[in-house]
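Sequence positions, counted from 1, serve as the residue numbers for this chain.
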Amino acid sequence: MVKISVITPSIRPKGLDITQQSLQQQTFKDFEWITEIGLGLKHDFNQAMNKMLKRANGELIVIVQDYIKLPENFLEECLKRYEADKNT
């Protein structure tokens with residue numbers, strides 16, 4: 001079981017490249033990245049989220065939108081805060 005599942009819904013696949021580069025630079029490496037790409041106006045955000053959540057294996061779920069650049073220690077900090085108080 002991985003520690004963190006990062007889920008990214010997207011209707012703009014080009015933006016996934018930016019997010020992927022950012023995730024590759026993370027100091028914390030025990031995560032999986034799950035994406036769901038919709039097709040324009042027919043994209044159902046709730047349906048995409050449900051699909052990704054069903055596939056997620058992580059103890060902690062982190063939602064990151066496409067086109068997002070994360071600090072290199074973002075996932076590490078998320079996990080630290082989660083482990084300090086699992087009710088947050």
Side-chain angles (χ1 to χ4, degrees):
M1 181 169 154
V2 294
K3 279 287 193 178
I4 299 176
S5 292
V6 178
I7 61 175
T8 304
S10 180
I11 59 170
R12 309 168 295 187
K14 285 184 178 181
L16 293 174
D17 291 343
I18 294 168
T19 306
Q20 182 179 24
Q21 290 173 0
S22 180
L23 289 170
Q24 288 173 336
Q25 296 173 355
Q26 290 298 298
T27 55
F28 183 81
K29 302 291 186 189
D30 189 13
F31 69 92
E32 65 180 350
W33 186 35
I34 302 168
T35 62
E36 187 70 32
I37 299 171
L39 301 172
L41 297 175
K42 295 187 179 203
H43 179 68
D44 182 339
F45 180 78
N46 292 330
Q47 184 179 21
M49 292 296 289
N50 286 334
K51 285 180 180 180
M52 290 183 291
L53 289 169
K54 286 178 183 176
R55 295 194 325 250
N57 295 307
E59 181 178 342
L60 175 63
I61 305 289
V62 176
I63 301 169
V64 178
Q65 188 59 45
D66 54 9
Y67 284 96
I68 297 296
K69 287 184 181 181
L70 303 168
E72 290 180 356
N73 66 340
F74 180 78
L75 294 178
E76 185 177 344
E77 288 298 317
C78 286
L79 186 60
K80 283 181 187 177
R81 291 176 188 199
Y82 169 71
E83 287 178 341
D85 183 3
K86 293 188 180 195
N87 293 320
T88 58

Any donor-acceptor pair under 3.5 Å linking the side chain of K51 with the backbone of N46? no

Separation of L23 CG from F74 CZ (nearest 0.5 Å): 9.5 Å

Return the set of residues passing salt bridge (charged side-chain N to carboxylate O under 4.0 Å, His left out) with E77 (not counting sequence neighbours), or none when no residue passes. K80

In short, side chain to side chain donor-acceptor pair (under 3.5 Å) pairs touching residues 65-74 with sequence neighbours left out are S10-D66, R12-D66

Here the gap from L79 atom CG to L60 atom CG, rounded to the nearest 0.5 Å, amounts to 6.5 Å

Inter-residue atom distance L53.CG - I61.CD1, 0.5 Å rounding: 6.0 Å

Mind checking whether V6 and T19 have side chains closer than 4.5 Å, heavy atoms only? no

Just verifying a value: how many Å separate Q47 CD and M52 CE, rounded to the nearest 0.5 Å? 11.0 Å

How far apart are the closest heavy atoms of A56 and I34, and which atoms are they? CA-CD1, 3.5 Å

Measuring from M49:CE to K54:NZ, what's the distance to the nearest 0.5 Å? 13.0 Å

Looking at T27, is its backbone amide N or carbonyl O close enough to the side chain of E76 to form a donor-acceptor pair, meaning the two atoms are under 3.5 Å apart? no

Residue pair T8 / W33: nearest heavy atoms and the distance that separates them: OG1-NE1, 2.8 Å

Hey, does the side chain of Q20 reach the backbone of G15 with a donor-acceptor pair shorter than 3.5 angstrom? no

Shared hydrophobic cluster for F31 and I18 (ILVMFWY, side-chain gaps under 4.5 Å): no

State which residue, out of E32, R55, E59, fulfils the side-chain hydrogen bond (donor to acceptor under 3.5 Å, both in side chains) condition with S5. E32

